[in-house]
Amino acid sequence: MTADTSPAPRQAGASRLSRHVGELIFAVLLFALGLYALIGSFAIRVPGNAQVGPTVFPMLVSVILLGSSAVIIVGTLRGHFGPAEEGEDIDPNAKTDWLTLAKLVGLVIAHILLIPLIGWAPAAAVLFGGAAWSLGAKRWWVALLVGLAVGLIIQIVFGELLGLSLPLGPVLSWLGPLI
């Protein structure tokens, strides 16, 4: 007579949910972000003569975040999980590169602090080029130039055509009369 050494059976639903708790946490955080963005969009000052005020885009993004997170939450609770990653270059045993993550977080903080000092486009260039450098780009200076170009396009489209306040800063203040 042999003893049964198999683990005690668990409830199927609880087992599946515990294996995919990350998906549920992601969905709940996504929902919280959508709710935060929606509440914050009501605090945006709207000029009296605006036909399509500055709250339209944040509200649209908030509704998309809330809707997609609700679908993910319901799907996860019903047992519909995303497929496991099967990419050939994925190493499930790889450690998190905390130095690269710290560089990226530092660049985002630097971007936020640099916007009022040097303007939107140069700060975007620093963020873009710095992110490329921290992720291992060989020609980071090309990413810096691309970041400046993208920053200028965003400056023109959002700042000038849509009337949002993206500061040119002292570096690009000479562009004011041109755009």
Side-chain angles (χ1 to χ4, degrees), residues 22-23 25-27 29-47 49-69 71-72 82 85 87-91 94-179:
E23 289 184 41
I25 290 172
F26 168 75
L29 289 175
L30 190 67
F31 188 84
L33 179 64
L35 193 59
Y36 177 76
L38 184 63
I39 292 168
S41 68
F42 288 108
I44 296 173
R45 188 174 47 92
V46 179
N49 61 352
Q51 291 178 353
V52 177
T55 60
V56 172
F57 188 72
M59 284 184 180
L60 177 66
V61 170
S62 301
V63 168
I64 291 171
L65 282 172
L66 289 169
S68 60
S69 63
V71 168
I72 294 170
E85 181 63 50
E88 63 186 47
D89 61 342
I90 303 298
D91 183 8
K95 303 284 185 205
T96 301
D97 185 359
W98 292 106
L99 179 61
T100 300
L101 186 61
K103 288 178 189 176
L104 292 172
V105 169
L107 284 163
V108 170
I109 293 170
H111 176 70
I112 293 168
L113 296 175
L114 286 174
I115 289 174
L117 298 176
I118 63 175
W120 168 259
V126 170
L127 176 63
F128 201 85
W133 162 74
S134 67
L135 293 172
K138 302 259 189 269
R139 298 185 307 168
W140 59 268
W141 56 271
V142 173
L144 192 70
L145 292 174
V146 169
L148 183 59
V150 169
L152 284 171
I153 290 170
I154 291 171
Q155 178 78 43
I156 291 168
V157 171
F158 285 93
E160 302 305 321
L161 298 179
L162 295 177
L164 300 179
S165 62
L166 295 177
L168 282 171
V171 177
L172 297 175
S173 61
W174 60 274
L175 284 176
L178 300 175
I179 53 175

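The analysis underlying the following values was restricted to heavy atoms, covering all of them including side chains, and did not include hydrogens, waters or symmetry mates.
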**Student:** For a quick test of your reading: what N or O donor-acceptor pairs under 3.5 Å do the side chains of residues 127-137 make, sequence neighbours left out?
**Tutor:**
{"residue": "S134", "atom": "OG", "partner": "G130", "partner atom": "O", "Å": "3.3"}
{"residue": "S134", "atom": "OG", "partner": "A131", "partner atom": "O", "Å": "3.1"}

**Student:** Are any non-hydrogen side-chain atoms of L38 and S41 less than 4.5 angstrom apart?
**Tutor:**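 Of all side-chain heavy-atom pairs linking S41 with L38, at least one is under 4.5 Å.
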**Student:** Run the side-chain contact (heavy atoms from CB on, under 4.5 Å) test against F26 and tell me which residues pass, sequence neighbours left out.
**Tutor:**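 With neighbours one apart ignored, the set is L30, I72.
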**Student:** Return the set of residues passing side-chain contact (heavy atoms from CB on, under 4.5 Å) with I25 (not counting sequence neighbours), or none when no residue passes.
**Tutor:**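 Expected list: V21, L29.
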**Student:** Which distance, rounded to the nearest 0.5 Å, do you find between the OG of S62 and the CG of L33?
**Tutor:**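 The distance works out to 8.0 Å.
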**Student:** Show the atom names and distances, to 0.1 Å, of all donor-acceptor pairs under 3.5 Å that link a side chain in residues 100-125 to residues at least two apart or in another chain.
**Tutor:**
{"residue": "T100", "atom": "OG1", "partner": "D97", "partner atom": "OD2", "Å": "2.5"}
{"residue": "H111", "atom": "ND1", "partner": "A123", "partner atom": "O", "Å": "3.1"}

**Student:** What donor-acceptor contacts under 3.5 angstrom involve side-chain atoms of residues 138-146, with partners at least two apart or in another chain?
**Tutor:**
none

